[in-house]
*Asks:* 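Can you read through this structure? Questions will come right after.
Atoms considered below: every heavy atom in the structure, side chains included; atoms not considered: hydrogens, waters and symmetry mates. Fair warning: this is a prediction, and the values are worked out from it, not measured in the lab.
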Amino acid sequence: MTIQEQLVADQKTAMKSGDRATLNVIRQIQSEVSVAKAAPGFDGEVDDDLYLASIAAYVKRMGKARSEYEALGERGREQAEKLTFEIDYLSAYLPTKLDEAATRALVDQTIADLGADDPKMTGRVIGTVMKSGQEVDGKLVARLVNEALSCLFYTSPSPRDLN
């Protein structure tokens with residue numbers, strides 16, 4: 001069953017049961033897909049890849065918005081809870097990302113494979129990890145690569161620093 005078919009089935013179930021929250025998030029994703037489909041230059045098909053890209057982009061935006069609502073405290077609590085529901089519901093459609101330990105192992109292996117021993121290679125290592133085919137969190141990858149390469153690289157103090 002495609003993502004589109006699953007969403008339509010979920011939409012029908014939500015309509016019958018009166019589940020407004022689920023119905024709203026499904027309609028929002030359908031809207032996101034319609035916008036992507038109507039974008040200039042789009043000539044592909046409406047398939048799972050388009051739905052995955054739309055869902056991932058929406059979840060990312062809502063995650064940022066949720067953080068902002070949570071920062072408002074009690075005033076933003078209700079909206080943050082709504083966004084938490086949407087993110088949790090849609091996350092079931094997204095591939096699971098590697099956890100920190102698995103990502104660290106992938107970063108370490110990539111550094112070893114590339115022979116990276118200089119912080120100047122940070123971009124190359126991050127790019128290689130992101131293109132590895134593994135589902136990873138970009139922020140986590142960047143942090144782990146920076147940590148790993150800064151530990152590998154030692155700069156000797158300049159004569160000025162010794163005075």
*Asks:* Contact between Asp47 and Thr2 at the side-chain level, heavy atoms closer than 4.5 Å - yes or no?
*Replies:*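 No, their side chains stay 4.5 Å or more apart.
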*Asks:* To the closest 0.5 Å, what do you measure between CD (Glu5) and CG (Asp48)?
*Replies:*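 Rounded to the nearest 0.5 Å, the CD-CG separation comes out at 8.5 Å.
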*Asks:* Is there a side-chain contact between Thr103 and Lys97 (heavy atoms, below 4.5 Å)?
*Replies:*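 With C-beta onward as the side chain, the pair stays apart.
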*Asks:* Check step by step if salt bridge (charged side-chain N to carboxylate O under 4.0 Å, His left out) holds for Glu100 and Arg104.
*Replies:* CA-CA 6 Å; Glu100 185 166 348; Arg104 184 180 306 277; 3.1 Å; yes
*Asks:* Applying side chain to side chain contact (heavy atoms under 4.5 Å, CB included), run through Leu50 and Gln4 and close with a yes or a no.
*Replies:* CA-CA 10 Å; Leu50 178 62; Gln4 182 178 13; over 6 Å; no
*Asks:* Using 0.5 Å steps for rounding, measure from the OG1 atom of Thr122 to the NZ atom of Lys120.
*Replies:*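 Here the interatomic distance stands at 11.0 Å.
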*Asks:* Which residues, ordered by chain and number, are linked to Met15 in its hydrophobic cluster, where ILVMFWY side chains connect at heavy-atom gaps below 4.5 Å, directly or through other members?
*Replies:*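 Hydrophobic cluster check, Met15: joined to Leu23.
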*Asks:* Is there side-chain contact between Val136 and Leu140, with at least one heavy-atom pair below 4.5 Å?
*Replies:*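 In short, these two side chains do not touch, never coming nearer than 4.5 Å.
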*Asks:* Find the distance between CG (Leu98) and CG (Leu106) and round it off to the nearest 0.5 Å.
*Replies:*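 Rounded to the nearest 0.5 Å, the CG-CG separation comes out at 6.5 Å.
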*Asks:* Less than 4.5 Å apart, any side-chain heavy atom of Arg143 and any of Lys139?
*Replies:*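 Arg143 does not reach Lys139 side chain to side chain.
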*Asks:* Measure the shortest side-chain to side-chain distance between Leu90 and Val25 over non-hydrogen atoms and say whether it is less than 4.5 angstrom.
*Replies:*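 The answer is yes; the side chains approach within 4.5 Å.
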*Asks:* I'd like to know if Arg77 and Glu81 make a salt bridge, using a cut-off of under 4.0 Å between side-chain N and carboxylate O.
*Replies:*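 Yes.
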*Asks:* Does some side-chain heavy atom of Thr84 sit less than 4.5 Å from a side-chain heavy atom of Arg66?
*Replies:*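 Side chain of Arg66 against side chain of Thr84, heavy atoms only: contact under 4.5 Å found.
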*Asks:* Minimum heavy-atom separation for Ala116 to Met121, with atom names?
*Replies:*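 Closest pair (atom of Ala116, atom of Met121, distance): CA-SD, 3.6 Å.
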*Asks:* Determine the minimum heavy-atom distance between Leu52 and Pro95, stating which atoms define it.
*Replies:*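 Of all heavy-atom pairs spanning Leu52 and Pro95, the closest is CD2-CD, 4.2 Å.
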*Asks:* So Lys82 and Tyr69, do their side chains get closer than 4.5 Å, heavy atoms only?
*Replies:*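 No - every pair of side-chain heavy atoms lies 4.5 Å or more apart.
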*Asks:* Tell me whether Ser132 contacts the main-chain N or O of Val129 through its side chain, where contact means a donor paired with an acceptor under 3.5 Å.
*Replies:*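 Such a contact is found between Ser132 side chain and Val129 backbone.
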*Asks:* Any chance you could measure Thr128, atom OG1, to Gln109, atom CD, to the nearest 0.5 Å?
*Replies:*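 Here the rounded value is 12.0 Å.
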*Asks:* Which donor-acceptor pairs under 3.5 Å do the side chains of residues 29-36 make with protein atoms, sequence neighbours left out?
*Replies:*
from: Gln30; atom 1: NE2; to: Gln11; atom 2: OE1; distance (Å): 3.1
from: Glu32; atom 1: OE1; to: Arg61; atom 2: NH2; distance (Å): 3.1
from: Glu32; atom 1: OE2; to: Gln28; atom 2: NE2; distance (Å): 2.9
from: Glu32; atom 1: OE2; to: Arg61; atom 2: NH2; distance (Å): 2.8
from: Ser34; atom 1: OG; to: Gln30; atom 2: O; distance (Å): 3.1

*Asks:* Mark yes or no for whether Ser67, through its side chain, and Gly63, through its backbone, hold a donor-acceptor pair below 3.5 Å.
*Replies:*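 Yes, because the side chain of Ser67 sits within donor-acceptor range (under 3.5 Å) of the backbone of Gly63.
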*Asks:* Going from CG on Asp137 to CD on Glu135, what distance comes out if it is rounded to the nearest 0.5 angstrom?
*Replies:*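 Output value for this atom pair is 11.0 Å.
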*Asks:* Would one find more than 12 heavy atoms of other residues, nucleotides or ligands at under 6.0 Å from atom CD of Glu45?
*Replies:*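 Open.
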*Asks:* Using side-chain heavy atoms (C-beta onward) and a distance below 4.5 Å, is Ile87 in contact with Tyr58?
*Replies:*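 In short, these two side chains do not touch, never coming nearer than 4.5 Å.
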*Asks:* Testing the basics here: between Met130 and Gly138, what is the closest heavy-atom pair and its distance to 0.1 Å?
*Replies:*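 Taking every non-hydrogen atom into account, CE-CA, 3.9 Å.
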